[in-house]
Amino acid sequence: MDLQLFSTDNTFIQNLDQDDALLGSYPVDDGCRIHVIDKSGAKAGEYEDLSRVEKYELSQEAYDKRSDSVRSFMKKNRLGKFNEEETSQKATEQLRKLEEERLAAEAITPGSRCEVQVVGQPTKRGTVMYVGLTDFKPGIWVGIQYDEPLGKHDGSVEGKRYFTCSPKYGAFVKPQYVVIGDFPEEDYGLDDEM
């Protein structure tokens, strides 16, 4: 390839043709442009189709036999999934969390008025529309139809409908952030005529 140096006003300065020279040895200034001329004979887009690129593949058995692999290192040092104690602790913690969510969700019924109190976000009021497991994330989730367009969707996530509401009025939150009670819709007086 050939490299050419152009000034800020797009005037040719010189060729960058000394292979052993550092970039700082050329009169390069802020805003200059280095133009690259490809002489390899490659066509534009030739390497964009990754299916045409031959890939190196190693079988799982061959990888397991290697002593210089990440898997080998993790096995030797009992890290990640190779640490049975840590794995069982995580599984126990997940079961405990799911049980907490289940207990919190038992008190929540669809049709109930609620406030959603997520740390770091303003309190939002709405109606519970769905309580249960979802396909998009593990655990128990509560589907809320907010009184104002503060949500993310219309009750469907990743193509699956859990409940129906207007666009931007629906959201899913964890049960521990939902407070059930007598929370009427707030009237800000915006409908009053002046």
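Starting from 1, each residue takes its place in the sequence as its number.
- Ring geometry for W141 against F136 counts as tilted: the plane angle lies between 30° and 60°, on a 0 to 90° scale.
- The pair R96-E99 fails the salt-bridge criterion, with no side-chain N (NZ, NE, NH1 or NH2) lying under 4.0 Å from an Asp/Glu carboxylate O.
- Under the 3.5 Å distance criterion, the side-chain polar atoms of T92 are matched with a main-chain donor or acceptor of S88.
- The backbone N or O of L79 lies less than 3.5 Å from no partner atom in the side chain of N77, so there is not a single donor-acceptor pair.
- At a threshold of 4.0 Å, the pair K124-E115 does not count as salt-bridged, since none of the basic side-chain nitrogens sits closer than that to a carboxylate oxygen.
- Checking side-chain atoms of R125 against main-chain N and O of P184 turns up a donor-acceptor pair under 3.5 Å.
- S72 contributes a side-chain N or O that, together with a main-chain N or O of S67, makes up a donor-acceptor pair within less than 3.5 Å.
- With salt bridges taken as basic N to acidic carboxylate O contacts below 4.0 Å, none links R113 and D182.
- The pair D135-K160 meets the salt-bridge criterion, since a charged nitrogen lies less than 4.0 angstrom from a carboxylate oxygen.
- Sparse packing is recorded around CZ of F73, with 12 or fewer heavy atoms of other residues, nucleotides or ligands lying under 6.0 Å away.
- At distances below 3.5 Å, at least one donor-acceptor pair connects side-chain atoms of S59 with backbone N or O atoms of A62.
- To the nearest 0.5 angstrom, L95 atom CG is 12.0 Å from R102 atom CZ.
- The six-membered or imidazole ring of Y130 lies away from that of F163, with a centre-to-centre distance of 6.0 Å or more.
- For the atom pair T127 OG1 and Y146 OH, the distance stands at 11.5 Å (nearest 0.5 Å).
- Using a cutoff of 4.0 Å between basic side-chain nitrogens and carboxylate oxygens, D154 and R161 are scored as salt-bridged.
- A salt bridge links K90 to E86: one of the charged nitrogens lies within less than 4.0 Å of a carboxylate oxygen.
- Within 6.0 Å of atom CG in D19, 12 or fewer heavy atoms from other residues, nucleotides or ligands are found, so the atom counts as exposed in its surroundings.
- Of the charged side-chain nitrogens involved, at least one lies within less than 4.0 Å of a carboxylate oxygen, so that R78 and E84 count as a salt-bridged pair.
- Rounding to the nearest 0.5 angstrom, the gap separating the CG atom in L98 from the CG atom in L133 is 7.0 Å.
- Note: Q145 CD to M129 CE = 4.5 Å, rounded to the nearest 0.5 Å.
- A salt bridge is absent between K65 and E61; no separation between the charged side-chain nitrogens and carboxylate oxygens falls under 4.0 Å.
- Taking the six-membered ring for Trp and the full ring otherwise, F172 and H153 have centroids separated by under 6.0 Å.
- Environment of NZ in K174: crowded, with over 12 heavy atoms of neighbouring residues, nucleotides or ligands closer than 6.0 Å.
- A donor-acceptor pair is defined here as one N or O able to donate and one able to accept, closer than 3.5 Å; such a pair exists between the side chain of K55 and the backbone of L50.
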